[in-house]
Amino acid sequence: MKQIAVVEDEKMIREELARMLTKGGYAVSEISRFEHVGEQLLELSPDLVILDLNLPGESGFEICRELKKKSAFPILVLTSRDALRDELNALNLGADEYLTKPCGKERLLARVSNVIKRYEGRANLLEGDGFLLDRQTYTLYINNTSSVLPKNQGRLLEVFLTSTGRVVAKDELCLALWGTTEFIDENALQVNLTRLKKTMNGFSMRQQIVPVRGIGYQLIKKGDCDEI
């Protein structure tokens with residue numbers, strides 16, 4: 001059963017949406033705390049987010065921007081804001097669909113179904129800045145081309161992409177490569193990281209791996225920092 005997260009601060013509207021979607025055959029999670037909404041959604045990892053724009057605290061635009069930087073699940077904006085500039089702004093930030101309230105049940109369910117179908121088959125894809133990685137085959141999709149990465153490079157890149165921007169400890173990287181942290185071979189880890197960095201440079205990727213002194217490594221956007 002597909003899971004949908006509803007981000008709507010109007011309680012009556014949120015509950016009505018939840019009932020409608022539940023009757024439509026979906027599992028529904030209602031977001032009713034509007035602090036750190038992005039973190040809540042990343043933890044849920046739903047198949048679709050229905051997102052209002054006018055929210056207490058962060059706006060829907062800010063949440064959309066955050067989610068599209070850190071995740072690959074689709075976003076359907078459902079809002080009372082009907083200005084073209086708002087729609088274009090949301091779509092430019094990565095929203096997959098934009099509907100205005102009030103919206104008929106049949107229309108909403110049809111759009112929900114269409115967006116989810118578009119994303120089916122992408123469950124194994126991890127999204128980086130300008131590229132996708134298939135976590136089953138370690139195929140890298142970038143610049144309208146694809147390339148299968150060596151297994152160790154794919155494993156390392158997968159760990160960085162699923163860390164959602166945080167610093168990854170050396171233990172985690174060793175566990176991904178060799179399935180154990182009992183014997184950490186710094187030289188072997190460095191060799192594999194160097195190979196991945198070379199591959200990323202070869203594809204002119206917009207992100208890079210940098211060391212974080214005394215902790216591990218982090219995947220960041222080029223130009224943000226050379227070494228932390």
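We're numbering straight along the sequence, starting at 1. It should be emphasised that the depicted structure is a prediction, and the values quoted were computed from it without experimental measurement.
Using a 4.5 Å heavy-atom cutoff, the side chains of Leu21 and Leu109 are in contact. Between Ser32 and Arg14, the closest side-chain pair of non-hydrogen atoms falls below 4.5 Å. Between Phe61 and Leu93, the closest side-chain pair of non-hydrogen atoms falls below 4.5 Å. Between Thr137 and Val148 the shortest side-chain heavy-atom distance does not fall below 4.5 Å. At least one side-chain heavy atom of Phe34 sits less than 4.5 Å from a side-chain heavy atom of Val7. Looking at heavy atoms from C-beta onward, Val159 lies out of side-chain contact with Tyr217 at the 4.5 angstrom threshold. Proximity of Ile4 to Asp47: side-chain heavy atoms (C-beta onward) are nowhere separated by under 4.5 Å. Contact check for Leu157 versus Phe131: side-chain heavy atoms found under the 4.5 Å cut-off.
Shown here for Gly94 and Cys64, the closest heavy-atom pair between the two residues is C-SG, 4.3 Å. Shortest non-hydrogen contact noted between Ser29 and Gln3 is OG-NE2, 2.8 Å. Residue Pro46 comes nearest to Leu41 through the heavy atom pair CD-O, 3.5 Å, listed as atom of the first residue, atom of the second, then distance. Minimum heavy-atom separation, Tyr119 to Pro74: CE1-CB, 3.4 Å. Residues Trp178 and Leu189 share a closest heavy-atom pair of CH2-N, 3.8 Å. Considering all non-hydrogen atoms of both residues, Ser146 and Thr139 come closest at CB-CG2, 3.9 Å.
Only one option out of Asp52, Thr100, Asp86 pairs with Arg81 in a side-chain hydrogen bond (donor to acceptor under 3.5 Å, both in side chains); it is Asp86. Here the rule is side-chain contact (heavy atoms from CB on, under 4.5 Å) with Leu196, and of Val191, Leu156, Asn201 only Leu156 fits it.
Here CG of Leu140 is found 9.0 Å from OG1 of Thr199. Values are rounded to the nearest 0.5 Å. Atom CG of Leu193 and atom CD of Glu186 lie 10.0 Å apart (nearest 0.5 Å). Here the CD atom belonging to Glu127 is positioned 6.5 Å from the NZ atom belonging to Lys68, to the nearest 0.5 angstrom. If you take CG on Leu173 and CG on Asn152, they are separated by 11.5 Å, rounding to the nearest 0.5 Å. Atom CD in Glu8 sits 9.5 Å away from atom CG in Leu51 (nearest 0.5 Å). Between the CD atom in Gln208 and the CG atom in Asp129 there is a gap of 11.5 Å [rounded to 0.5 Å].
Between Asp96 and Arg111 there is no salt bridge, since no side-chain N of the basic residue sits under 4.0 Å from a carboxylate O of the acidic one. By the 4.0 Å N-to-carboxylate-O rule, Arg155 lies too far from Glu158 to be salt-bridged with it.
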- [ ] Show your reasoning for whether side-chain contact (heavy atoms from CB on, under 4.5 Å) applies to Tyr26 and Leu48.
- [x] CA-CA 10 Å; Tyr26 299 101; Leu48 173 71; over 6 Å; no
Open item on the list: With side-chain contact (heavy atoms from CB on, under 4.5 Å) as the criterion, how do Glu66 and Glu62 come out once you've worked through the C-alpha distance, each side chain's angles and the decisive distance to 0.1 Å?
Closed with: CA-CA 6 Å; Glu66 178 185 357; Glu62 294 170 312; over 6 Å; no
Task: Trace of the side-chain contact (heavy atoms from CB on, under 4.5 Å) decision for Ser163 with Leu219 - done: CA-CA 9 Å; Ser163 70; Leu219 183 68; 5.9 Å; no
Open item on the list: Applying side-chain contact (heavy atoms from CB on, under 4.5 Å) to Val49 and Leu44, what does each step give before you reach the verdict?
Closed with: CA-CA 10 Å; Val49 174; Leu44 282 172; over 6 Å; no
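At a threshold of 4.5 Å between side-chain heavy atoms, the hydrophobic network of Ile, Leu, Val, Met, Phe, Trp and Tyr places Phe160 and Leu149 in one connected group. Residue Leu67 is grouped with residue Tyr98 when hydrophobic side chains (ILVMFWY) are merged at heavy-atom distances under 4.5 angstrom, including chains of intermediate members. Residues Ile13 and Val112 share a hydrophobic cluster, clusters being chains of Ile/Leu/Val/Met/Phe/Trp/Tyr side chains in contact below 4.5 Å. A single hydrophobic cluster is seen to contain both Ile63 and Ile31, as judged by linkage of ILVMFWY side chains at heavy-atom distances under 4.5 Å, directly or through other members. In terms of hydrophobic clustering, with Ile, Leu, Val, Met, Phe, Trp and Tyr side chains grouped at heavy-atom distances under 4.5 Å, Ile209 and Leu126 are assigned to a common cluster.
Side-chain atoms of Thr145 come within 3.5 Å of backbone atoms of Ile142 as a donor-acceptor pair (strictly under, hydrogens ignored). The main-chain N or O of Arg33 is found under 3.5 Å from a side-chain atom of Gln40 such that the two form a donor-acceptor pair.
Other residues, nucleotides and ligands place more than 12 heavy atoms under 6.0 Å from the NZ atom of Lys101.
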